[in-house]
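Notes to accompany the following structure.
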Amino acid sequence: MNRIALLSVSLLALLSNASNAGQAPDAARRLALDATIVDTHIDAPSELIAQWSDLGLATPTREFDYPRAREGGLDVAFMSIYTSADEDDAGKAWQTANTQIDAVEAMVGRHPDKFALLRSPRDIERLQQGSKVLLALGMENGAPIGDDLSQVAKFHARGVRYITLAHGRNNRISDSATDTAPRWGGLSPFGRQVVEEMNRVGIMVDVSHLSEDAIRQAVELSSVPVIASHSALRHFTPGFQRNLSDENVKAIAARGGVVQVPFGSMFVDAGAAKTYSDFVTAREAYRQAKLAAAAAGQPYTATEPQFPKVAPASLAAVLDNLDRVVQLTGVDHAGIGSDFDGVNGALVSELHSVADYPLLVAGLQQRGYKDADIRKILGGNLLRVWGEVERAAKP
C-alpha cells in the first residue's frame, strides 16, 4: 500500500473512531469553533409552544439548547416560525406565528448573556460578544401573511428574515411540492406580489417545500438570490418531490442562491424518504376522509397515522448531498439547514444535536474540502446571500 493510500485509510479510521465516540478530531473541532456556523432551520419555537423548556440550560429532550450550541460552534440559529396548513385553514396562522416570535424574544430576555436577536448579518460580530448564540427568525409557511400584503413588512419589523412561501399544502401564495394537485401552476398572482414585497423590504425568499414550477417562477421573479432553507436533492431520493431537482438546484445557483442541506434521514436517504412519503400520503387520506365524514354529518373513527419509525441514514448521506450541490453549482451555493427539532428525531445517526457540527466538519475535511470552502458551506454562503438581499432592499 502506497503512502497516500495509507494516509487515506488512517484518516478514515480516525474519523470513524471519532464519530463512534461522538467526538470529532481536534482539527475539525477547532475549525467548527472558529468558523461562523449558520444553521437556517431549527424548529425550537413550535416545540417551545407545545411544551416549554428553558433552552438556555441543558435540555436533553431537545436538539437545540445553549450549552450544546456553544459546544458545537453554532453562531447563528434561524428559529423556524412554523405554521401548519390546518392552522391556516382555521384562521390561526397569524396568531401562532406572533406567539412563536414572542417565545423567541422571551428566551432572549430570560438569558441576555447567552442569546441575542439577529436582524442583520452586519451585527454578528458586535452581538456575539460574550459567546452568545444569535437567533434569527425564518418563517416556515407564508400563511400568516393571509391576504394582507402589508403583513410582509410587519413581519420584517418583528425580525423575520426569510419566508418559506408554502409548506405541506398549497396556500394563497404558492403551490406546495407535496399537495395532491397544483392550485396555481406555481405562484399565485398574490404570491408574485409577496415575492416582490419581500425583495423590497429585505426578506429572503425561501423555496423549500415548493412545487417545481413555483421554485422556477420564484427564482425568475426575485430580483435577488433565493435560498432553499432546508432541502436535499431528489437525485438521491427519486420520486420524493419535497427535495430539489438538479435543474432547480442549478437555477437557484445561477441567480446566486444557496441550497441548505438538512440532516433528517428522510431527506437524504431513498429508503427513509419512501417510508416518510407513505406516511404523508396516508395522513392526507385520513384528513380527507375525516373532512368528508364531517361534511356528511357522520362520525369518523379511523386511527390517525402516526409519524413512522425511520431507519437512520448516516452522515455520509448528508455529505453526498453537499458534494452533489458543489458538483452541480460550485462550492459557493451549498450550506446547511439541519431541521433540528423538526423531524421527530429522525436524524442521520451521527448528527444528534447542535453539538455535532464538528462531525460534519470532519466529514468534509475527510472528503478533501479546503478549510476556506468549509467555512463557506458552514455559513459564509448564506451570509453572502443575506447581505445581498439586505443591500438591495428599498424599505
Side-chain angles (χ1 to χ4, degrees), residues 8 11-12 15 24-25 27-41 72-76 78 121 124 162 204-208 215 219 222 224-237 243-263 267-268 314-339 348 350-351 356-391:
S8 297
L11 285 172
L12 184 59
L15 177 60
R29 187 165 295 279
R30 284 195 298 270
L31 180 56
L33 294 176
D34 185 60
T36 301
I37 298 180
V38 181
D39 189 326
T40 46
H41 200 86
L74 178 61
D75 298 287
V76 178
F78 271 83
I124 291 176
Y162 77 69
M204 291 179 280
V205 175
D206 177 21
V207 299
S208 288
I215 294 172
V219 171
S222 179
V224 288
V226 308
I227 67 168
S229 68
H230 60 306
S231 290
L233 276 63
R234 204 178 306 152
H235 173 83
F236 299 103
T237 56
N243 276 345
L244 299 174
S245 66
D246 284 358
E247 291 72 22
N248 273 334
V249 171
K250 292 176 182 177
I252 291 167
R255 300 292 294 273
V258 183
V259 174
Q260 304 284 106
V261 173
F263 303 162
F267 298 116
V268 297
S314 71
L315 171 60
V318 174
L319 297 171
D320 288 345
N321 274 265
L322 288 168
D323 278 348
R324 186 161 182 83
V325 174
V326 173
Q327 290 160 7
L328 290 172
T329 70
V331 77
D332 292 329
H333 305 285
I336 55 171
S338 64
D339 218 344
V348 299
E350 297 89 343
L351 302 178
D356 293 330
Y357 300 106
L359 290 171
L360 175 70
V361 173
L364 291 168
Q365 289 176 328
Q366 197 276 327
R367 291 199 177 194
Y369 285 86
K370 297 177 181 178
D371 284 1
D373 289 339
I374 293 173
R375 290 175 184 271
K376 290 181 178 182
I377 292 169
L378 292 178
N381 291 334
L382 188 284
L383 293 177
R384 170 183 54 79
V385 171
W386 188 1
E388 289 185 37
V389 171
E390 182 178 86
R391 288 190 294 275

For side-chain contact (heavy atoms from CB on, under 4.5 Å), just list the numbers for Phe78 and Leu382, CA-CA rounded to whole Å, side-chain angles, deciding distance to a tenth of an Å, and then say yes or no. CA-CA 11 Å; Phe78 271 83; Leu382 188 284; 4.1 Å; yes
Could you go through Gln365 and Leu31, starting from their C-alpha distance and side-chain angles, then the distance that decides it, and tell me whether this counts as side-chain contact (heavy atoms from CB on, under 4.5 Å)? CA-CA 10 Å; Gln365 289 176 328; Leu31 180 56; 3.8 Å; yes
Would Leu378 and Tyr357 count as a side-chain contact (heavy atoms from CB on, under 4.5 Å) if you check the C-alpha gap in whole Å, the side-chain angles of each, and the deciding distance to 0.1 Å? CA-CA 9 Å; Leu378 292 178; Tyr357 300 106; 5.5 Å; no
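What you find for Pro225 and Glu388 is that their closest heavy atoms are CG-OE1, 3.3 Å. Ala334 and Val326 get closest at one heavy-atom pair: CB-CG2, 4.1 Å. Here the shortest heavy-atom pairing between Ala228 and Ile252 reads CB-CD1, 4.4 Å. Nearest approach of Asn321 to Ala232, heavy atoms of both residues: OD1-CB, 3.3 Å. Summarising the geometry of Gly72 relative to Ile37, their closest heavy-atom pair is O-CD1, 3.6 Å, with the distance given to 0.1 Å. Across Ala24 and Ala362, no two heavy atoms sit closer than the pair CB-CB, 4.4 Å.
Atoms CD and CG, on Gln260 and Asp206 in that order, are 9.0 Å from each other to the nearest 0.5 Å. The CD atom of Gln366 lies 13.0 Å from the CG atom of Leu359; values are rounded to the nearest 0.5 Å.
For the pair Ser229 (side chain) and Thr40 (backbone), a donor-acceptor distance under 3.5 Å is absent. Here the side chain of Arg255 pairs a donor or acceptor atom with the backbone of Ser222 at under 3.5 angstrom. Although no hydrogens or angles enter the test, the distance criterion places no donor-acceptor pair under 3.5 Å between the side chain of Tyr369 and the main chain of Ile377.
Proximity of His333 to Arg384: side-chain heavy atoms (C-beta onward) are separated by under 4.5 Å at one or more points. In this structure the side chain of Leu364 reaches within 4.5 angstrom of the side chain of Leu319, judged on heavy atoms. Contact of the Asp75 side chain with the Ile124 side chain is not registered, since no non-hydrogen atoms from C-beta on lie closer than 4.5 Å. Looking at heavy atoms from C-beta onward, Asn381 lies in side-chain contact with Asp332 at the 4.5 angstrom threshold. Side chains of Asp34 and Arg375 form a contact here, defined as non-hydrogen atoms less than 4.5 Å apart. Taking 4.5 Å as the limit, some side-chain heavy atom of Asp246 sits within range of a side-chain heavy atom of His235.
Note: His230 and His41 have parallel aromatic rings, judged against thresholds of 30 and 60 degrees for the angle between ring planes.
Among the candidates Asp320, Val268, Leu351, the single residue satisfying the side-chain contact (heavy atoms from CB on, under 4.5 Å) test with Leu315 is Leu351. When each of Leu233, Thr237, Asn243 is checked for a side-chain contact (heavy atoms from CB on, under 4.5 Å) with Phe267, only Asn243 meets the rule. Paired with Ile215 under the rule side-chain contact (heavy atoms from CB on, under 4.5 Å), one option of Val249, Asn248, Val226 passes, and it is Asn248.
Applying the side chain to side chain donor-acceptor pair (under 3.5 Å) test to Ser338 and every residue at least two apart in sequence or in another chain returns Asp39.
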